[in-house]
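Below: the structure, in structure tokens.
Numbered from 1 within each chain, the chains take letters A, B, ... in sequence-line order. Owing to the predicted nature of the structure, the values given are computational and were not obtained by experimental measurement. Both backbone and side-chain heavy atoms feed into the values below; hydrogens, waters and symmetry mates do not.
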Protein chains: 2
Amino acid sequence: MKHNDRTAPAVPLDPALEQLVRELIGPVADKWTMVALEVLEQEGRLRFTRLGELMGGISQKMLTKTLRQMEADGLVERTVYAVVPPKVDYELTALGRSLGAAFCGVWEWAEANRAAIGAARAAFAARTQRA
Amino acid sequence: MKHNDRTAPAVPLDPALEQLVRELIGPVADKWTMVALEVLEQEGRLRFTRLGELMGGISQKMLTKTLRQMEADGLVERTVYAVVPPKVDYELTALGRSLGAAFCGVWEWAEANRAAIGAARAAFAARTQRA
DNA sequence: CCGGATCCCCTGAGATACTG
DNA sequence: CAGTATCTCAGGGGATCCGG
């Protein structure tokens, strides 16, 4: 990579942005985080098990891990009640809600373009079929 | 999980939306897909190796896999030139660009809230320290 | 009886070497 | 240069056990 700047700009990507992607988007881009955000945004405050059910197909281990990460990032608030049947519930913080809002555009995109994606997948499958 | 609907509403989440999340967002939520989208959006048409360089730290295997998935979903167009030094380049389709635009809100959120996240992480670290 | 921690297994990501 | 094959190993899923 000594003389690669003939056709490329000197600073191809904003390094700060790349750092941002790695440290922020990386953890958040996890699909379980996105699903948890979505569910918590729609349902509000939820208990651990219930949240897991609504997220569909997540294991407790991953649920715990995802929620811990989200808590560490300040996206959810974790409340533990010291009662005999243990009760822990999770709720989005303001930061979490704002991230959910930011993802809104993506949900809308998905809804608007599901047909296009389906078509693209079918076309790709057909193409690779005979290739 | 046979009798889980005692405390739950009949249809807790729009099943169509959940299906959407699983089939569409799942593949797209992959961090490499997001980075590839970002890079291709900024740089336009790129060759395989160059794209890998700009994405920073991705292996060829994952790059190939990510690009194949994106091609299957109609997000990128793959062009193969039958020349002696093989040349393949990738460019966002209209669908891919629209997805990139949808993610714009997320990038903006990340930039706007990086400080808040940093603070939350520090606070969480401090809290878990003595716990 | 719920939240979650731990153990084990297996998929899948990363690095390397090789081919067209 | 673009992509595949192979190996290795971290990380995710499932079951089970523990603390409150």
Side-chain angles (χ1 to χ4, degrees), chain A residues 1-4 6-8 22 26-36 39-40 45-72 76-91 124 127-128 131, chain B residues 1-8 22 26-36 39-40 43 45-72 76-91 124 127-128 131:
Chain A
M1 233 200 253
K2 278 168 291 191
H3 49 291
N4 58 355
R6 247 194 337 184
T7 59
R22 292 263 181 69
V28 159
D30 174 58
K31 69 169 181 170
W32 290 129
T33 302
M34 293 180 71
V35 176
V39 171
L40 283 171
R45 178 169 289 221
L46 283 174
R47 295 185 60 175
F48 179 86
T49 304
R50 178 94 184 103
L51 178 54
E53 286 171 8
L54 291 177
M55 286 177 65
I58 191 176
S59 62
Q60 300 98 310
K61 191 169 74 170
M62 281 315 294
L63 182 54
T64 300
K65 191 182 171 190
T66 301
L67 288 171
R68 281 292 194 286
Q69 179 69 48
M70 291 176 76
E71 188 194 1
V76 296
E77 188 185 8
R78 178 170 179 265
T79 310
V80 182
Y81 300 89
V83 293
V84 184
K87 180 179 174 182
V88 180
D89 55 23
Y90 296 87
E91 189 178 19
F124 181 79
R127 186 176 319 164
T128 49
Chain B
M1 244 194 232
K2 278 168 290 191
H3 48 291
N4 56 357
D5 281 344
R6 247 193 336 184
T7 59
R22 293 263 183 68
V28 160
D30 173 58
K31 70 168 181 171
W32 290 129
T33 302
M34 293 178 72
V35 177
V39 171
L40 283 170
E43 302 285 326
R45 175 170 292 222
L46 283 174
R47 295 184 63 173
F48 180 86
T49 304
R50 179 93 183 106
L51 178 54
E53 286 170 8
L54 291 178
M55 287 176 65
I58 191 175
S59 62
Q60 300 99 309
K61 190 170 77 170
M62 282 313 296
L63 182 55
T64 300
K65 190 182 169 189
T66 301
L67 289 171
R68 281 292 195 287
Q69 179 69 49
M70 292 176 75
E71 188 194 0
V76 296
E77 187 186 8
R78 180 171 177 266
T79 308
V80 182
Y81 301 89
V83 293
V84 183
K87 181 180 174 182
V88 180
D89 56 24
Y90 296 86
E91 189 176 21
F124 181 79
R127 185 177 318 167
T128 49

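Distance A:Leu67 CG to C:dC2 C1': 15 Å, rounded to the nearest Å. As rounded to whole Å, 12 Å separates atom C1' of D:dG11 from atom CG of A:Asp30. Spacing between atom CG of A:Asp89 and atom P of C:dG4 amounts to 11 Å, rounded to whole angstrom units. Here the C1' atom of nucleotide C:dA15 and the CD1 atom of B:Ile58 are 13 Å apart, to the nearest Å. Rounded to whole Å, atom C1' of C:dA5 lies 11 Å from atom CZ of A:Phe48.
Screening residues 77-90 of chain A for side-chain hydrogen bond (donor to acceptor under 3.5 Å, both in side chains), with sequence neighbours left out, gives A:Arg45-A:Tyr81, A:Arg78-A:Tyr90, A:Tyr81-A:Asp89.
Heavy atoms only, all atoms of each residue included: B:Arg47 and B:Pro86 are closest at NH2-O, 3.2 Å. Smallest separation of non-hydrogen atoms from B:Trp32 and B:Gly56: CH2-O, 3.7 Å. Taking all atoms of both residues into account, the shortest heavy-atom contact from A:Glu71 to A:Val76 is N-CG2, 3.6 Å.
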Protein N or O to nucleotides 9-12 of chain C N or O, pairs below 3.5 Å:
none

Return the polar atom pairs (N/O with N/O) between nucleotides 18-20 of chain D and the protein under 3.5 Å, or none.
unit_1, atom_1, unit_2, atom_2, d
D:dG20, N2, A:Val84, O, 3.3

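With rounding to the nearest 0.5 angstrom, the CG atom of B:Leu51 is 5.0 Å from the CG atom of B:Leu40.
Here B:Arg78 reaches the OP1 or OP2 of D:dG3: one of its side-chain N or O atoms lies under 4.0 Å away. Within the 4.0 Å cut-off from OP1 or OP2 of C:dG14, at least one side-chain nitrogen or oxygen of B:Trp32 is found.
Across all strands shown, B:Tyr81 has no heavy atoms under 4.0 Å from either base or sugar-phosphate atoms.
In terms of position on DNA chain D, the residue among A:Lys31 and B:Tyr90 whose nearest nucleotide sits closer to the 5' end is B:Tyr90.
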Review point. Going through the checks in order, is the side chain to side chain contact (heavy atoms under 4.5 Å, CB included) test met by A:Glu53 and A:Arg50?
Key: CA-CA 5 Å; A:Glu53 286 171 8; A:Arg50 178 94 184 103; 3.5 Å; yes
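The side chain to side chain donor-acceptor pair (under 3.5 Å) check on B:Gln69 picks up B:Asp73, with sequence neighbours excluded.
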Could you give the side-chain donor-acceptor pairs of residues 57-68 of chain B under 3.5 Å, partners two or more places apart or in another chain?
unit_1, atom_1, unit_2, atom_2, d
B:Ser59, OG, B:Met62, N, 3.3
B:Thr64, OG1, B:Gln60, O, 2.9
B:Thr66, OG1, B:Met62, O, 2.7

Review point. Nucleotide by nucleotide, 5' to 3', does protein get under 4.0 Å of the base (B), only the sugar-phosphate (S), or neither (-) in nucleotides 4-10 of chain D, counting heavy atoms?
Key: S-B----
